Number of protein chains: 2
Amino acid sequence: MPTIKDVAERAGVSVTTVSRVLNNRGYISEATRKKVYQAMEELDYQPNEVARSLFRKKSNIIGLIVPTVAHPFFAELTAYLETYAYSRGYKVLICNSQLDASKEQEYIWMLRRNQVDGIIMASHTLEVEEYKKLDLPVVAFDRFISKRIPYVTSDNYQGGRLAVELLLERGCKQIAHMCGSLHLDMLANQRHRAFMDVAEERKVPYFTVETDINVFEVEKYEELLSDLLTEHPDIDGLFLNSDIMAIAAMKVCRKLGKRIPQDIKIIGYDDVSIASLVSPQITSIRQPLAEMSELSVRLIEALLEGKPVEVENCLPVQLMERETT
Amino acid sequence: MPTIKDVAERAGVSVTTVSRVLNNRGYISEATRKKVYQAMEELDYQPNEVARSLFRKKSNIIGLIVPTVAHPFFAELTAYLETYAYSRGYKVLICNSQLDASKEQEYIWMLRRNQVDGIIMASHTLEVEEYKKLDLPVVAFDRFISKRIPYVTSDNYQGGRLAVELLLERGCKQIAHMCGSLHLDMLANQRHRAFMDVAEERKVPYFTVETDINVFEVEKYEELLSDLLTEHPDIDGLFLNSDIMAIAAMKVCRKLGKRIPQDIKIIGYDDVSIASLVSPQITSIRQPLAEMSELSVRLIEALLEGKPVEVENCLPVQLMERETT
DNA sequence: ACCCATGTGTTAACCGGTTGACATATATTG
DNA sequence: CAATATATGTCAACCGGTTAACACATGGGT
């Protein structure tokens, strides 16, 4: 691969002059500038970002840690985030933690060794101590890590409220909420808080189903839902913590002969693309992934620039009413 | 961030000795080794991979270019590939080309500047010339770029055959295939070839529907399928080039009052997770994504080591028969 | 005539880590 | 006693690019 020395030789100037042209610093005549650009083109030269990173102590890389990018929510998050980050001059290293604390730790160390400019953490959090050591910008996504680490989230409580209120508005008399483990201190737990609050306000009987921490065993969703609906056949409204869970619920309802939405209404969460693709189309609480992604990257940039940032960055959700209600 | 000099000072040895310990080279006594490791731990030191990459001319980074990771197929591909690559000591830079040739070119340049060890290209191909210039390992995923660039694919022809033969076995009398643009020279076109071959062998009437190059406009799928099934209501078998298309087909069939699989049978492709999640579960031709991902990474490694590799790397597909047939 | 701006080159140090060559000291082996 | 192995340090160069300081030449303006 050609280096700056090769370009200097080809253009008949010094390495310093080539560097001046590359960085547009100092005095440079037009003739010299043209000569240098032409030499770069003839040699098919591109500056080595590794060398530049070493010198500038800035890699322009962001590390993104997700449970698994195979999950539609994290897939769409990654797509938005990488697209925005790239438009801001950043590259994204993708890391799948599989919600394994030791893998998460390994990835954090790897990202640190690779001098990433920042980390966006969308996975299970380690002990807070690990983050204190990091000495680089971290933004938590849909998670609260510590008072010192900014996080981007959407209004989970409002999302829960909107969902339950719609169920009640549509005439549901007995409702259930399926969510992740409430023992994990997740921001999404506020959806459940809202679910209970509204149900208790309106004196509507309700049930809660928690999945295990390994939240991506879809068969488990189906099993839990099947048990729930078998034990409580009068449940006529389901609020689920993801569209994937909602799809599982739809499947279970079909098996039990319950018509959607006539016999049972279903509301999912996230509003990933698949929600409007399946039939019936899923009513979902939409998290503004594009905006959340953009905000995450901007927070990383602000932290890099030493600017003060809000720790809590909460965006509104939106009810996308479709055919399952 | 602590450097090797800080470690040397803390341990009371020279920088060279620390480097010897880090790399396990030369003579090192146990006592010295322990001192150095203890100093690293006390200082929370981790070697700077940027500096190492510069010196070794090896970044241990693989660039993965996909059309969009938001698409379930590429999401699952990315998850498998990153997981395997990481287990082999590689990091993955994710790039979403949006099937835009100029973005693809930009990403290739960016990856080159960042001294990635190799590129796995799962997006729309640029002109072959661009790859000739690259001077780094490239593996094409489900694409043929040139005789010099190895590619990983699955047996598309066999996949097409399996699909059509199952439709016919299930009694279909009139079938249709929905695929991407056949003007693009894609390996997936062999599915269509097989579709036609079998239909013609068995003298079964058939139709073909091609989508535009921008293949992810799902509404377009629905529109094309709606038109097709309205114009040809006797079609009783659909073979679609992805599970996402299959889901769109299911939706259209519901709207037209066609029962699946009683009135019309549907077969998708890829066998992404969502295929078995929806109801009815989709019969799909399964591409072995885990194996294909692993093979892609191994090919990059072989190319890096200067080992000869096969240009064509074709893995078998598998018919996953479910409820839509 | 002097000062300032423009333009380019030379030199050296640096970013963090690696490594070869060689020096010095000590211990072990034949 | 000599040769070899072990152990550690010193020195310098390198990976590719950046940049400051200074030198030198030329031209323009006051």
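If you're wondering where the values come from, they're calculated on a predicted model, not measured in any experiment. A note on names: the letters A, B, ... follow the listed sequences, proteins ahead of strands, and every chain is numbered from 1.
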### Pair listing, salt bridge (charged side-chain N to carboxylate O under 4.0 Å, His left out) test, anchored in residues 8-27 of chain B, at least two apart
B:Arg10-B:Glu42
### Query
What integer distance in Å separates A:Glu49:CD from D:dG17:C1'?
10 Å
Identify every side-chain donor-acceptor pair in residues 302-310 of chain A under 3.5 Å, counting partners at least two apart or on other chains, and give the distances.
residue	atom	partner	partner atom	Å
A:Glu305	OE1	A:Lys307	NZ	2.8

#### Entry: Nearest-neighbour nucleotide for the A:Asn48 side chain, D:dG17, C:dG17, D:dG9 considered
D:dG17
#### Entry: Rounded interatomic separation in angstrom, taking CG from B:Asn114 and P from D:dC15
20 Å
### Separation of C:dG17 P from A:Leu54 CG (nearest whole Å)
9 Å
### Query
Can A:Lys91 and B:Asn114 be counted as having a side-chain donor-acceptor contact under 3.5 angstrom?
yes
### Query
Can you tell me if the side-chain N/O atoms of B:Lys57 get under 4.0 Å from OP1 or OP2 in D:dG16?
yes
### Query
Considering residues at least two apart in sequence or located in another chain, which fulfil the side-chain hydrogen bond (donor to acceptor under 3.5 Å, both in side chains) criterion with A:Asp135?
none
### Task
Write down the distance between NZ (A:Lys58) and P (D:dT18), rounded to a whole number of angstrom.
15 Å
### salt bridge (charged side-chain N to carboxylate O under 4.0 Å, His left out): pairs with one or both residues in residues 46-64 of chain B, sequence neighbours excluded
A:Arg113-B:Glu49, B:Glu49-B:Arg52, B:Lys58-B:Asp117
Which atoms of nucleotides 19-24 of chain C (N or O only) lie under 3.5 Å from a protein N or O atom, and what are those distances?
residue	atom	partner	partner atom	Å
C:dG20	OP1	B:Arg25	NH2	3.1
C:dG20	OP2	B:Arg25	NH2	3.0

### Task
Answer with base, sugar-phosphate or nothing: what part of the nucleic acid does B:Ser14 contact at a heavy-atom distance below 4.0 Å?
base
#### Entry: No-hydrogen, no-angle side-chain donor-acceptor test under 3.5 Å, A:Ser19 and A:Thr16
no
### Task
With sequence neighbours left out, write down each residue that passes ring pair (Phe, Tyr, Trp, His ring centres under 6.0 Å) with B:Tyr131, or none if nothing qualifies.
none
#### Entry: Length of the line joining B:Met1:CE and C:dC15:P, which is rounded to integer Å
14 Å
## Note on the structure
From CZ of A:Arg113 across to P of C:dG17 the rounded distance in Å is 12 Å
### Summary
Sorted by chain and number, sequence neighbours left out, ring pair (Phe, Tyr, Trp, His ring centres under 6.0 Å) with A:Phe144 holds for A:Tyr151
### Task
Output every pair passing salt bridge (charged side-chain N to carboxylate O under 4.0 Å, His left out) with a member in residues 63-79 of chain A, not counting sequence neighbours, ordered by first then second residue.
none
### Message
Does C:dG9 have its OP1 or OP2 closer than 4.0 Å to a side-chain nitrogen or oxygen of A:Thr17?
### Response
yes
### Separation of C:dC15 C1' from B:Ile4 CD1 (nearest whole Å)
14 Å
### Query
For residues B:Ser53 and B:Ser59, is any side-chain donor paired with an opposing acceptor at under 3.5 Å?
no
### Message
Please enumerate all residues that pass side-chain hydrogen bond (donor to acceptor under 3.5 Å, both in side chains) together with A:Glu30, with sequence neighbours excluded.
### Response
A:Arg33
### Message
Suppose we screen for side-chain hydrogen bond (donor to acceptor under 3.5 Å, both in side chains). Which residues come up paired with A:Thr3, at least two apart in sequence or across chains?
### Response
A:Asp6
### Query
Rounded to the nearest Å, what distance is computed from the CG atom of residue A:Leu22 to the C1' atom of nucleotide D:dG16?
11 Å
### Message
Using a strict heavy-atom distance below 4.0 Å, which residues from residues 26-33 of chain A are in contact with DNA chain C?
### Response
A:Tyr27, A:Ile28, A:Ser29, A:Thr32
### Message
With each end axis built from five pairs of C1' atoms, what bend angle do you get for the helix from C:dA1-D:dT30 to C:dG30-D:dC1? Round to 10°.
### Response
40°
